[in-house]
Structure formats: structure tokens, C-alpha cells
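Working notes, structure below.
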Amino acid sequence: MDHQKLVIFQLSLGEKWTQEMVDLGYLEEPSFRNTIKKLSEIATVRLAKDDKEAFDLLKENPTPRAIIITDSIFMEPENAKLTRQVADYARGGGTVILILGLPGESSSIHFQSFMKECGLPWTLSCYAHDDYAVNISAMGLPGVRWMYGLPALFNSDSMFLENVASNARWYLPAAPYTWNEEEQSMPPPPRKGTPVAFSKVGKGYLGYIGDINNEKATDAIILAMLGMNDPPQ
């Protein structure tokens, strides 16, 4: 596959401060800019910072290789027309990935509304900090070695999802979790939840990455969801 010819849309529709978090990072955390730089080496990444720019991109090219969404403004009621169009894009064969600032600030009601558009029962659960192990029983894109390059284990603060089918949970808590209320500020992760999910939606796919620290593992997960992690021939 010639990745150079692929086009990816990045929708970052939030207020200025949320867009700065995406671009510059938060405190000492790495920024999403580094991720986009890596993607730009193998594809053309086009950015939309408001709904008009997003509609213009989709009008110009209704079938990009993927749409990456980085904040929850996309799911607000005022963007209902855009969320429907993106859901239609996924059902028609596209790949949509929800990432970074989105898990940290999403309204569960708005999130569930978008999941309903996509025909999935996924719900936001809770923040958790844990070690996560790749789920070798999960499913990725057909025709590729989807686990190639994925870390077997990574550690992160993440927003978990629940009501995710077992074969759509790409990562699972690595070991039984012991929570000491006096020492821990976060509750234990749900044992049937996941910080990373990927599922068929109609003819396309929806991916979710709950990592709020933009760990290095996120880069590899994005590439795997895009089918751009193929090993060298």
C-alpha cells in the first residue's frame, strides 16, 4: 500500500485552550503534534478547527482514509449534523478514531448519542491508572497483522469504556488490581472495561483511545487502527 497517497482528516473543534492542549501538550505530557508529525510522514493530514472547515473537507473529499477526532465539541448538540455525517462516513466504509482530549472532557450523554448514531452500546465508565495488556483475542482490520508494533503492555491514565464486546477490547487491565483508598486517587478499572476499543461499524470501523497522557503506545495504536503498521516486506 502506498501510504503517501492516503489522506487523513483531523477534527479539533474545541475552544482555543483545548486546541492548544492538543497542539502543545498539557504540562509535561507529550503533545499530539508529535503524533501528527509521524502520521504526516506516511500520509497527508488535513486539519479542521471548526465545523465549517470540517464540512468543507468532507465536501472536497467525502472518503478520506480516516477521520481522527481530538475533542468532545464534535459531539455537542450544535454539531449534530456533523456527527451524523461522520457516522455515515464510518458506516459507509471509513475509519473514525476518537482520541486524546476527547475522553477527558466528554459528556457521557453526548458520547452515548454518537455511539447510538454508530450503532454501538459503548458507554464512558471512569478514569483509571493501571498497566494494560494487549488482548490477543481481539480483532483488528482484516488482511493485516493488526498487532504488529503494538506494545504488549503499557501504563497510562485512561478513561475506560464499558459495554464493549470482548473481541473489540484491544487492551485489558494486566493483572488483578488492589485499590487502597488511602493511597490511590483513582478507583480500580472495570474488569470488563477497556481503555482501547476498535469495532466494525457497518462497512467501516470506529476506534477509541482513552489514554489522556498521549503515551508512546498511542502512536502505535493509531497506526494499527489505520492499517498502517504493516511489517516491512
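These numbers were taken from a predicted model, which means no experiment stands behind them.
Of all heavy-atom pairs between Ser108 and Leu124, the closest is CA-CD1, 4.0 Å. The shortest heavy-atom contact between Ala48 and Ala54 is CB-N, 3.5 Å. Lys203 approaches Gly92 most closely through the heavy-atom pair CB-C, 3.9 Å. Nearest heavy-atom pair across Asp71 and Leu13 is OD2-N, 2.9 Å. Closest heavy-atom contact between Leu141 and Gly227: CD1-N, 3.3 Å. The shortest heavy-atom contact between Val164 and Ala197 is CG1-CB, 4.0 Å.
Checked against the 6.0 Å centroid criterion, the rings of Tyr127 and Phe160 do not qualify as a close aromatic pair. Between Tyr171 and Phe198, the ring center distance fails the sub-6.0 Å criterion.
Counting heavy atoms from C-beta on, the side chains of His110 and Ser72 never come closer than 4.5 Å. Considering only heavy atoms from C-beta on, Val86 stays 4.5 Å or farther from Glu117 through its side chain. Proximity of Tyr208 to Ile99: side-chain heavy atoms (C-beta onward) are nowhere separated by under 4.5 Å. Taking the side chain as every heavy atom from C-beta outward, Leu39 and Leu226 approach each other to under 4.5 Å. In this structure, Leu98 and Phe114 have side chains that are in contact, with non-hydrogen atoms separated by less than 4.5 Å. Annotation: side chain of Val196 is in contact with side chain of Met225 (closest heavy-atom distance under 4.5 Å). Between Ile97 and Ile209, the closest side-chain pair of non-hydrogen atoms falls below 4.5 Å.
Scored by the side-chain contact (heavy atoms from CB on, under 4.5 Å) test, Ser113 finds no partners at all (sequence neighbours excluded).
The structure places CD of Gln10 at 12.0 Å from CD1 of Ile67, a figure rounded to the nearest 0.5 Å. Put simply, CG on Asn135 and CG on Leu172 are 4.5 Å apart, with the number rounded to the nearest 0.5 Å. In this structure, CD1 in Ile8 is found 7.0 Å from CD1 in Ile42, a value given to the nearest 0.5 Å. The distance from atom SG of Cys126 to atom CE of Met159, rounded to the nearest 0.5 Å, is 7.5 Å. A distance of 10.0 Å separates CD of Glu53 from CG of Leu11, quoted to the nearest 0.5 Å. Once rounded to the nearest 0.5 Å, the distance linking CZ of Arg91 with CZ of Arg84 reads 10.5 Å.
With 3.5 Å as the limit, one finds no donor-acceptor pair spanning the side chains of Gln85 and Thr83. In the model, Asn163 has a side-chain atom that pairs as donor or acceptor with a side-chain atom of Thr123 under 3.5 Å.
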Please tabulate, for the side chains in residues 149-156, all donor-acceptor contacts under 3.5 angstrom to protein atoms that are two or more places apart in sequence or on a different chain.
{"from": "Asn155", "atom 1": "OD1", "to": "His129", "atom 2": "NE2", "distance (Å)": "3.0"}
{"from": "Asn155", "atom 1": "ND2", "to": "Asp130", "atom 2": "O", "distance (Å)": "3.4"}
{"from": "Asn155", "atom 1": "ND2", "to": "Asp131", "atom 2": "OD1", "distance (Å)": "2.7"}
{"from": "Ser156", "atom 1": "OG", "to": "Asp211", "atom 2": "OD1", "distance (Å)": "2.5"}

Output, in order, the C-alpha distance, side-chain angles, deciding distance and verdict of side chain to side chain contact (heavy atoms under 4.5 Å, CB included) for Asp51 and Ile73. CA-CA 10 Å; Asp51 59 342; Ile73 299 301; over 6 Å; no
Checking Leu206 against Leu120 for the side chain to side chain contact (heavy atoms under 4.5 Å, CB included) test, could you report, in this order, the C-alpha distance in whole Å, the side-chain angles of both residues, the deciding distance, and whether it holds? CA-CA 9 Å; Leu206 179 69; Leu120 291 172; 3.6 Å; yes
Check the pair Ser199 / Trp122 against side chain to side chain contact (heavy atoms under 4.5 Å, CB included), numbers first and verdict last. CA-CA 10 Å; Ser199 178; Trp122 298 356; 3.4 Å; yes
Could you walk me through whether Ile222 and Ile68 pass the side chain to side chain contact (heavy atoms under 4.5 Å, CB included) test, one step at a time? CA-CA 9 Å; Ile222 292 173; Ile68 296 175; 4.3 Å; yes
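Leu47 and Leu57 fall into different hydrophobic clusters, where Ile, Leu, Val, Met, Phe, Trp and Tyr residues are linked whenever their side-chain heavy atoms come under 4.5 Å apart, directly or through other members. One hydrophobic cluster, built from ILVMFWY side chains closer than 4.5 Å, holds both Trp146 and Ile136.
Within the 3.5 Å criterion, the main-chain N or O of Met139 finds a donor-acceptor partner in the side chain of Trp170. The backbone N or O of Pro64 lies less than 3.5 Å from a partner atom in the side chain of Tyr89, making a donor-acceptor pair. Between the Lys37 side chain and the Ser40 main chain, no donor and acceptor come within less than 3.5 Å of each other. Looking only at distances, no side-chain donor or acceptor of Arg169 sits under 3.5 Å from a matching main-chain atom of Ala138.
Note on Asp56 versus Lys52: salt bridge recorded, some NZ/NE/NH1/NH2 to OD/OE distance being below 4.0 Å.
Both the sub-6.0 Å distance and the 45° axial angle are not jointly satisfied by Lys116 relative to the ring of Phe111.
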